[in-house]
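Below you'll find the structure, written out as structure tokens, and then a few comments.
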Protein chains: 2
Amino acid sequence: MERADRQFVDAFARGLAILEALSRAQRPLSNGELSRATGLPPSTVSRLTHTAMELGYLRFSQSKRAYELTPKNLALGYPVLAGMTMLDRAKPMLKQLSEETGETVGLVIRDGLHVTFVEVVQGSELVAVRLATGGRLPVAVSAAGIAILAAMPERDRRLLAARVCAHLAKRGGNVEAFKANLAEACELGISFIRDAWRRGIGGIAVALEDNGEMAAITIPIATGSVSEADMRGRLADALKGTVTTLWGP
Amino acid sequence: MERADRQFVDAFARGLAILEALSRAQRPLSNGELSRATGLPPSTVSRLTHTAMELGYLRFSQSKRAYELTPKNLALGYPVLAGMTMLDRAKPMLKQLSEETGETVGLVIRDGLHVTFVEVVQGSELVAVRLATGGRLPVAVSAAGIAILAAMPERDRRLLAARVCAHLAKRGGNVEAFKANLAEACELGISFIRDAWRRGIGGIAVALEDNGEMAAITIPIATGSVSEADMRGRLADALKGTVTTLWGP
DNA sequence: AAAAGCCTTTCCGCAGTGCGGAATAGTTGG
DNA sequence: CCAACTATTCCGCACTGCGGAAAGGCTTTT
């Protein structure tokens with residue numbers, strides 16, 4: 001039996017799949033739940049969780065009868081944050097925007113076909129999903145991802161957008177909506193999304209650049225309580241105003 | 001050949017060792033450097049880095065000719081941050097303290113025999129090491145770790161302190177200094193450390209508790225420019241004052 | 001330009017590691 | 001106590017991961 005990629009280490013990948021399943025879950029997961037989430041047999045899951053526990057990346061919560069990721073996992077993201085020079089510069093802007101609008105505000109970077117939150121300032125308004133550093137979603141359904149795409153040089157944008165479309169199509173997503181949102185962001189310099197990722201959640205975003213680093217500042221929206229008019233009016237004005245004032249053109 | 005722990009998956013552990021070596025390094029590492037850092041042969045490193053790259057956790061920087069962790073790694077820490085309810089409550093306090101002192105301020109939690117930064121507000125004063133979420137160091141040589149220890153119920157504190165001492169002794173660390181620092185923190189309700197972790201770096205810290213969650217708020221110190229008198233006087237007063245005002249007794 | 005030096009990746013024979021079904025152990029609820 | 005369910009351990013086995021050697025790639029030196 002010829003293997004396609006003999007350099008790929010399945011056991012390592014399986015272990016990471018377990019950590020990843022936990023990072024995506026809204027709560028700790030039992031051995032059985034991890035088995036179902038990853039498609040691995042329960043005994044395999046047990047051996048891999050045992051290994052991760054020995055190394056300090058997982059712990060078993062007796063009260064919840066389930067596994068959860070430990071703070072040690074934060075260390076794996078440390079160099080990303082420590083090396084991100086624009087983060088300190090962006091933080092005051094996040095804070096001001098959150099105070100001004102009452103909304104949660106985040107700084108987001110792209111990573112392949114996904115975007116990842118690197119800083120979040122909680123507002124007083126509720127969004128249906130808990131937002132924090134490390135939160136992650138596909139570019140295609142994220143205001144921040146679309147804003148970053150729109151701000152790219154045209155050649156790069158076409159290439160990446162094609163990959164995003166292919167991936168989206170393969171998963172049965174709405175390619176036309178993505179294209180329309182991207183076109184709008186290219187035209188306006190700001191992106192708007194509603195209910196594309198999850199029901200009840202949308203966002204607006206503007207791209208930032210600093211020393212070759214690209215990111216987006218975004219306001220996630222609870223679409224149930226923030227109207228499209230408010231999003232495109234008050235919030236967009238505040239976002240663009242703050243970026244212009246504190247960041248520059 | 002009987003193996004001590006047949007449930008432990010070496011390949012998974014080796015893969016994580018590579019990610020961990022990168023999380024500890026001050027810069028991206030080449031295949032050879034990873035080999036030396038982990039003790040694994042270069043060909044093994046190459047197969048494991050290849051796997052992590054395929055999965056999106058690593059990328060190769062052509063300009064630096066070295067591997068670096070991607071933002072996807074932040075996702076593994078997401079549930080820790082998202083689940084930490086005291087974080088939002090602590091952030092305004094961090095900000096105020098940083099503004100008041102001009103120093104960097106962090107919120108730190110314990111994780112086994114280490115402590116991990118979960119939030120950092122940069123001050124204008126320079127500390128020799130870049131501080132960010134995910135930064136990690138041993139309890140024994142960290143002001144925050146000692147403050148958390150000191151705030152524990154006595155029984156728990158004795159047990160954990162014994163483990164810290166054993167670990168410290170095994171590594172040739174200064175057990176007496178640790179014990180003295182812990183005793184002082186128990187007496188004063190605030191901990192002080194100088195040059196224990198690294199030359200030129202110290203810190204002060206006070207423990208916080210909220211709904212059974214325990215953390216510490218800490219000011220890392222550049223010992224070369226902040227005197228012991230200043231640390232124990234001005235900075236300690238500001239730290240305790242802010243905690244009393246914004247957090248409560 | 002060619003050779004030397006160094007590093008990374010791929011190859012591949014091999015043995016022991018990781019696998020997963022079955023058995024055992026542990027926990028909870030009735 | 002028994003039944004049901006879940007997690008862990010056992011263990012035969014085969015194939016996966018290993019690592020030294022070879023090949024490939026890149027930079028520096030001659």
Side-chain angles (χ1 to χ4, degrees), chain A residues 1-70 79, chain B residues 1-22 25-70 79:
Chain A
M1 174 59 182
E2 274 300 299
R3 289 176 59 207
D5 184 356
R6 296 193 55 176
Q7 309 307 317
F8 192 85
V9 182
D10 277 346
F12 181 32
R14 288 171 166 210
L16 287 176
I18 285 178
L19 299 186
E20 197 167 312
L22 282 163
S23 78
R24 289 215 193 94
Q26 304 304 311
R27 59 189 169 80
L29 298 178
S30 68
N31 201 80
E33 285 171 325
L34 281 169
S35 176
R36 288 188 287 280
T38 58
L40 299 171
S43 60
T44 298
V45 168
S46 189
R47 287 185 299 97
L48 294 169
T49 52
H50 168 72
T51 301
M53 279 202 295
E54 287 287 305
L55 297 174
Y57 289 98
L58 277 198
R59 68 187 165 208
F60 191 75
S61 163
Q62 282 293 345
S63 55
K64 297 168 192 165
R65 317 278 297 292
Y67 294 101
E68 57 195 6
L69 295 161
T70 65
Chain B
M1 172 61 182
E2 271 303 296
R3 290 177 58 207
D5 184 357
R6 297 192 55 176
Q7 307 308 317
F8 192 85
V9 183
D10 277 346
F12 180 33
R14 288 172 164 210
L16 287 177
I18 286 178
L19 300 186
E20 199 168 310
L22 282 163
Q26 305 304 313
R27 59 187 168 83
L29 298 177
S30 69
N31 200 80
E33 286 169 325
L34 280 170
S35 176
R36 288 188 288 280
T38 57
L40 299 172
S43 60
T44 298
V45 169
S46 190
R47 286 185 300 97
L48 293 169
T49 53
H50 168 73
T51 302
M53 278 202 298
E54 287 288 304
L55 297 173
Y57 289 98
L58 277 197
R59 69 189 165 206
F60 191 76
S61 161
Q62 281 293 345
S63 54
K64 296 169 192 166
R65 315 279 295 293
Y67 295 101
E68 57 196 6
L69 295 161
T70 64

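Predicted model only: the values in this text are computed from it and were never measured. Each chain gets a letter, A, B and so on, in the order its sequence line appears, and its residues count up from 1.
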**Message:** Has T70(A) got a side-chain atom pairing as donor or acceptor with R59(A)'s backbone, closer than 3.5 angstrom?
**Reply:** no
**Asked** In whole angstroms, how far is the C1' atom of dG17(D) from the CD1 atom of I18(B)?
**Response** 13 Å
**Item:** Test item: S30(B) side-chain N/O and A66(B) main-chain N/O as donor-acceptor pair under 3.5 Å
**Value:** no
**Item:** Whole-Å gap separating C1' (dC18(D)) and NE2 (H50(B))
**Value:** 16 Å
**Prompt:** Would you say the side-chain atoms of T38(B) pair up with the backbone N or O of I18(B), donor to acceptor, closer than 3.5 Å?
**Reply:** no
**Complete:** From CZ of F8(B) across to P of dC10(D) the rounded distance in Å is 17 Å
**Prompt:** Is any side-chain N or O of T44(A) closer than 4.0 Å to OP1 or OP2 of dG20(C)?
**Reply:** yes
**Item:** Under 3.5 Å donor-acceptor pair, R6(A) side-chain atoms to dG13(C) base atoms
**Value:** yes
**Asked** OP1, OP2 of dC7(C) versus side-chain N and O of S30(B): anything below 4.0 Å?
**Response** no
**Message:** Rounded to whole Å, please give me the gap between CG in L48(A) and P in dT8(D).
**Reply:** 12 Å
**Item:** Nearest-Å distance for atom pair CG/P, residues D5(B) and dC10(D)
**Value:** 10 Å
**Message:** Rounding to an integer number of Å, can you tell me how far L34(A) CG sits from dA7(D) P?
**Reply:** 9 Å
**Message:** Test your reading of the model: is there a side-chain donor-acceptor pair from S23(A) to the backbone of E20(A), 3.5 Å cut-off?
**Reply:** yes
**Prompt:** Does any N or O in the side chain of S35(A) come within less than 3.5 Å of the main-chain N or O of L40(A), such that one atom is a donor and the other an acceptor?
**Reply:** yes
**Comparing A11(A) and E33(A) on DNA chain D - which has the more 5′ nearest nucleotide** = E33(A)
**Message:** Nearest to the V9(B) side chain among dC19(C), dT10(C), dC18(D), which nucleotide is it?
**Reply:** dC19(C)
**Request:** Indicate the atoms forming the closest heavy-atom contact of T51(B) with Q7(A), along with that distance.
**Result:** OG1-O, 3.6 Å
**Prompt:** So does R36(A) get a side-chain nitrogen or oxygen closer than 4.0 Å to the phosphate oxygens (OP1/OP2) of dT6(D)?
**Reply:** no
**Asked** What is the minimum heavy-atom distance between L16(B) and F12(A), and which atoms define it?
**Response** N-CE1, 3.7 Å
**Request:** Could you state the atom-to-atom distance from CD of Q7(A) to P of dT8(C) in whole Å?
**Result:** 15 Å
**Request:** Find the distance Y67(B):OH to dT9(C):C1' and express it as a whole number of Å.
**Result:** 8 Å
**Prompt:** Where each residue is assigned the nucleotide of DNA chain D containing its nearest heavy atom, which of F12(A) and V45(A) is assigned the position nearer the 5′ end?
**Reply:** V45(A)
For nucleotides 20-29 of chain D, print each protein N/O atom paired with a nucleotide N/O atom at under 3.5 Å, atom names and distance only.
unit_1  : atom_1 : unit_2 : atom_2 : d
dG20(D) : O6     : S43(B) : OG     : 3.3

**Message:** Looking at R47(A), I'd like to know whether one of its side-chain N or O atoms comes within less than 4.0 Å of OP1 or OP2 on dT17(C).
**Reply:** no
